[in-house]
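What follows is a single structure, written as structure tokens, with notes after it.
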Amino acid sequence: MNEYKPSEIEPKWQQYWLENKTFRTDDTDLSQPKFYVLDMFPYPSSSGLHVGHPEGYTATDILARYKRMNGFNVLHPIGWDAFGLPAEQYAIKTGTHPRVTTNENIDGFRRQLQALGFSYDWDREVDTTDPAYFRWTQWIFLKLYEQGLAYEASVPVNWCPELGTVLANEEVIDGKSEVGGFPVERRPMRQWMLKITAYAERLLQDLEELDWPESIKEMQRNWIGKSEGANVVFPMKTADGDVQESIEVFTTRPDTLFGATYMVLAPEHPLVDRVTTDAQKEAVSAYRQTAANKTDLDRTDLNKDKTGVFIGAFAVNPVNNEEIPVWIADYVMMSYGTGAIMAVPGHDERDWEFARKYDLPIVEVVKGGDVTKEAYVDSQDGICVNSANDEVSINDLPVPEAKKKITKWLEEKGLGKYAVTYKLRDWLFSRQRYWGEPFPVIHVDGQPKPLPEDHLPITLPDMDDFQPTKTGEPPLAKAKDWLETTDPETGKPAIRETNTMPQWAGSCWYYLRYISPDYEKGPVDPEKEKYWMPVDLYVGGAEHAVLHLLYARFWHKVLFDIGVVSTKEPFQRLVNQGMILGELEFTAYKDAAGSYVPADSMNGTGDELERVKLEEKDVEKRGDRFVLKGTDTVVDARSFKMSKSRGNVINPDDVVEQYGADALRLYEMFMGPLEQVKPWSMQGVEGVYRFLKRVWRVFIDEEAGGLNPAVRRSVNSGGTPAVAPDRAQLKMLHETIKKVTEDIEGHRFNTAISALMIFTNEAMKWDVRPVEVLKPFLLILSPFAPHLAEELWEQLGEIEGGKGGAKKTLAYEPWPEYQEELLQADTKVYAVQVNGKVRGQVEVPSDRATDKEFVLDAARNETAVSKHLEKGQVVKEIFVPNRVINFVLK
RNA sequence: GCGAGAGUGGUGAAAUUGGUAGACACGCUAGAUUUAGGAUCUAGUGCCGCAAGGCGUGGGGGUUCGAGUCCCCCCUCUCGUACCA
């Protein structure tokens, strides 16, 4: 007996690859073509890998193995994004140092990844929590500081009392923390900021050259949020005379200036204190109080009804000298533009709503809609009206021209100027946590001061208490010995920075460290950097579409500006793998009385109903829905995101144990296109597992053990007669080579696997299986199922035992090339249509396949066709060489 | 609301430039083998129909000898985003 046992052959080859450093990248010869294929490195959590990790990792591994066999120097590294909140929270709960938890988790992840047979160069592993790594993270921070791109500011931040930390906007979801779901409130705090806004335009422009999914580029564009318009200054007047103040607003619609009938300041706007009239003071301060207690989110989502208060002051519209009232309202955000707007209710939905509510005048200045019914917001086809003063008129102009003309006039009069505004804001770069990179900064006489480079790395002090202080001071404030230091330059007493960097910091540049992980003179060896960069392919989840990828691009551009890297952009090509959902679930709903409720007639969440999980055999398809078998009760048929609470999580370890790593890899690739969202199916895993067993049986005689007697060499050996491959076998092989090669190049791994299956199904039927055909097949199988391929390669006797047990791997065998002439068939089959309907087929010899008259004649004589031709007169004959014939009848 | 993407058998999915829709796989049906199998092999399997044939790629129109593929309108779903002036 000699069955396919992945549990035996897989560990054997994993050990072989590790011991022989089979996949160590040798980049001493920089004249070779290179391929840098990168995975988004994981956060090593305590729960281990989920099935989403091996999806992208298998895809990149296939490409890495394929490129190696094509003679490329391949850089295919992995590492750990190991700073972060979970380890710290675990430390708070149990007192275990995050270092300890982190190391355990890394060991677990490394073991899991190695058990999947990924061909990483384990000598280049990086760990963001390793001082030898974050020394350079800190170094980059110093460079940012030198460039004036890092500064301290007191900003209202998202303070989460439960987590005892500040969260970035993107870590707050629906007013709650992304991690844990705890309430979040606004509170001003001293923070480090990075001036990413200085790079907004370049981050936007350089997207054009990137080979990324359009959706991701679009998300980044939206996030950067560039708007063109004008800044306009409105002088102010109060009821009791003149106040030397003015309001500057940003507008994208300077063409509607004549329609501005009031102004709105953000409640926090500093001008409010100075210009509010006494009569309005009370109402204004009450409103500001309410607004201050709302988060940004409360002010938007939950509060569609607009509110505001008149502050008693008036501004003068510079285009027509009309006095218009000034209000405060929380639909205007202090953080965007100038924190103040000119309100044009005729042509802005928000202003229209507000004007209606508070009975403010609505003036039409762009023709095309009915401003008494709704705001007319079209900015392309509208024509300006009611927009002229003694000096300038934009009447009868279309909006785009009107914008230009009025902006020019404003500039000439010194009333305003062309302006560009971005939604992108500076990056809040500090966290009140322990488990992060310390800032290389001290405070001397209350002023921040960077530490010299030769003091790096600044390491974390050892502590047992990781709890933040009640006031929100970071845990590091408790490490007195570490905290109090002296300024190395002046010897003055100094206090260390107690904030730490956010998790994004380490992941902003890790792709550079892989290039020269032991380099001592900088973050990356310049010579190697020039060779390897940019990353040729970066694969990861779409959840990093904006933040990680934008932050990393920002740092990269700074490093480019100071000459550390040679490319403008880090990741030339990006692919997002689609999420893997849980198995398809059928759910019916029962009400309190126990009767079924149709899933399509439920209103609300259905929380009050009992959920009944159904088996596939309990349901049937009815129209485009599923119903309970034998009834009309519509049931839900859906796949859900894997989650512990739903209990539909698939653990890769279990799959490997039952079916092996090759089956897991193959299944994840066979499910469908890489980028697509796909539901898991355990039966699908069984399917590819059966395929692997068939491959095994093509080579191995399971009953007798050893090679299957059908496997033959072309040279006589050991008594079995030599056999050369026949024409059909070669055609099959070369078709498969062509298909698999092209599909790997196009990242169509699912159809590549299907081609390998077709070959195997054919090969099973062969009584004689020549080695010349089997060997190339193993080579093209090997990127997908490397363990099985290596094992069979060895069994074929191509791997010499040699002295000292030294083995040879197929990992660097040349990739087979297909030969065009072997793909040709003896005959060609035409589909024959009559009036566009397929009525039959005709087979003709290949050498006459493009002979139109010959083929048409053969087609006409086909009985299945001829009986249809009798029904009418042929008025037209369509002949598409090698494909189709169509007779058009009248 | 806005932006992006997607709708093909019972299921996951295939299908160069418009050229035999459903490859491959799961599931299912029947049979073989086996003490047994969630093993293996053979045959079948889009839908309706005994058949001839008809109908089929979310729905409706159009272009074409010919449309899953191109054009117009509509519907549904997924993801992202949210008063950005």
Side-chain angles (χ1 to χ4, degrees), chain A residues 3 213-219 221-223 225-227 229 249-253 256 264 296-297 299-301 303-304 306 329-333 335-344 348-351 353-354 421-425 542-543 545-546 576 578-579 584 616-617 619-621 624 626 637-639 667 670-673 675-688 690-691 693-694 697 702 742 748 750-758 761 764 829-841 875-889:
Chain A
E3 285 172 5
E214 195 48 44
S215 63
I216 302 289
K217 290 206 230 176
E218 194 59 25
M219 280 162 76
R221 281 186 204 113
N222 291 340
W223 193 264
K226 181 179 183 176
S227 294
V249 301
F250 172 72
T251 176
T252 56
R253 295 293 303 273
T256 62
V264 186
D296 270 357
L297 200 101
R299 284 171 60 165
T300 60
D301 219 27
N303 188 13
K304 286 293 175 199
K306 294 188 176 32
D330 64 8
Y331 79 90
V332 173
M333 304 289 157
S335 48
Y336 183 79
T338 60
I341 62 157
M342 64 174 203
V344 185
D348 181 284
E349 279 167 17
R350 295 150 302 176
D351 298 342
E353 230 176 278
F354 192 83
T421 296
Y422 300 91
K423 274 199 282 187
L424 184 70
R425 308 192 202 149
E543 65 272 21
V546 176
N576 290 119
M579 203 191 327
L584 180 65
E616 207 181 328
K617 59 177 168 51
V619 299
E620 61 183 333
K621 189 97 173 194
D624 56 354
F626 280 91
R638 275 195 59 182
S639 291
Y667 174 64
F670 188 60
M671 291 171 88
E675 305 84 353
Q676 199 165 302
V677 178
K678 303 166 283 268
W680 185 267
S681 157
M682 227 34 173
Q683 284 175 331
V685 183
E686 300 246 12
V688 295
R690 288 205 277 261
F691 161 66
K693 286 197 289 190
R694 278 204 303 281
R697 289 199 307 271
E702 289 196 309
E742 288 172 356
R748 294 180 298 269
N750 53 332
T751 49
I753 292 167
S754 135
L756 293 166
M757 286 174 167
I758 292 170
N761 292 344
M764 285 292 275
V829 176
Y830 275 85
V832 186
Q833 302 179 336
V834 179
N835 279 341
K837 285 201 167 75
V838 178
R839 295 300 182 180
Q841 297 184 340
V875 294
K876 200 169 179 183
E877 292 166 341
I878 308 284
F879 177 76
V880 183
N882 295 323
R883 289 193 186 276
V884 77
I885 295 156
N886 190 7
F887 295 109
V888 185
L889 302 190

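The sequence lines fix the lettering, A, B, ..., with proteins before strands; numbering per chain opens at 1. Not measured: the values here are computed from a predicted model.
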Starting at [atom1] of [X] and ending at [atom2] of [N], how long is that distance when rounded to a whole Å?
| X | N | atom1 | atom2 | value |
| --- | --- | --- | --- | --- |
| Asn761(A) | C41(B) | CG | C1' | 12 Å |
| Phe887(A) | G66(B) | CZ | C1' | 14 Å |
| Lys837(A) | G54(B) | NZ | C1' | 9 Å |
| Gln676(A) | U78(B) | CD | P | 15 Å |
| Glu686(A) | U11(B) | CD | P | 20 Å |
| Ile216(A) | G3(B) | CD1 | C1' | 13 Å |
| Tyr667(A) | C24(B) | OH | P | 19 Å |
| Met682(A) | G27(B) | CE | P | 13 Å |

Contact class for [X] (heavy atom, under 4.0 Å): base, sugar-phosphate, or nothing?
| X | result |
| --- | --- |
| Val249(A) | nothing |
| Asn750(A) | sugar-phosphate |
| Pro213(A) | nothing |
| Ile758(A) | sugar-phosphate |
| Asp351(A) | nothing |
| Ser681(A) | nothing |
| Gly687(A) | sugar-phosphate |
| Arg221(A) | nothing |
| Val880(A) | base |

Ile341(A) and Tyr336(A), any side-chain heavy atoms less than 4.5 Å apart: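 A side-chain contact is absent here, since even the closest heavy-atom pair is not under 4.5 Å.
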Kindly indicate whether the side chain of Arg638(A) and the base of U78(B) share any N or O donor-acceptor pair separated by less than 3.5 Å?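 No.
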If you measure from the [atom1] atom in [N] to the same atom in [M], how many Å do you get, rounded?
| N | M | atom1 | result |
| --- | --- | --- | --- |
| G68(B) | G56(B) | C1' | 11 Å |
| A67(B) | U33(B) | P | 49 Å |
| U8(B) | A85(B) | C1' | 45 Å |
| U69(B) | G1(B) | P | 27 Å |
| A13(B) | A23(B) | C1' | 10 Å |
| G19(B) | G38(B) | C1' | 43 Å |
| G46(B) | U40(B) | C1' | 28 Å |
| G9(B) | U57(B) | C1' | 10 Å |

As a test of reading the structure: which of [options] is closest to the side chain of [X], going by heavy atoms?
| X | options | value |
| --- | --- | --- |
| Gln683(A) | C83(B), C41(B), G27(B) | G27(B) |
| Met219(A) | A13(B), C65(B), G80(B) | G80(B) |
| Glu218(A) | G3(B), U40(B), C83(B) | G3(B) |
| Ser227(A) | A85(B), C24(B), C65(B) | A85(B) |
| Thr751(A) | A14(B), U40(B), A85(B) | A14(B) |
| Arg690(A) | A39(B), A14(B), C24(B) | A39(B) |

Would you call G9(B) syn or anti, using the 90° rule around 0?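 You should classify G9(B) as syn.
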Okay, side chain of Tyr830(A), backbone of Asn882(A): is any donor-acceptor separation there less than 3.5 Å?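 Confirmed, Tyr830(A) side chain pairs with Asn882(A) backbone.
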At less than 4.0 Å, is any side-chain N or O atom of Lys678(A) found next to OP1 or OP2 of G12(B)? Yes or no.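 Answer is no, no contact under 4.0 Å.
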Closest heavy-atom contact between Thr338(A) and Val249(A)?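 Result for this residue pair: OG1-CA, 3.3 Å.
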Quick check on Glu349(A): does its CD atom have over 12 non-hydrogen neighbours (other residues, nucleotides or ligands) under 6.0 Å away?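 Count not over threshold, so no.
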Between the side chains of Arg221(A) and Glu214(A), is the shortest nitrogen-to-carboxylate-oxygen separation below 4.0 Å, so that they form an ion pair?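 The answer is yes: the pair qualifies as a salt bridge.
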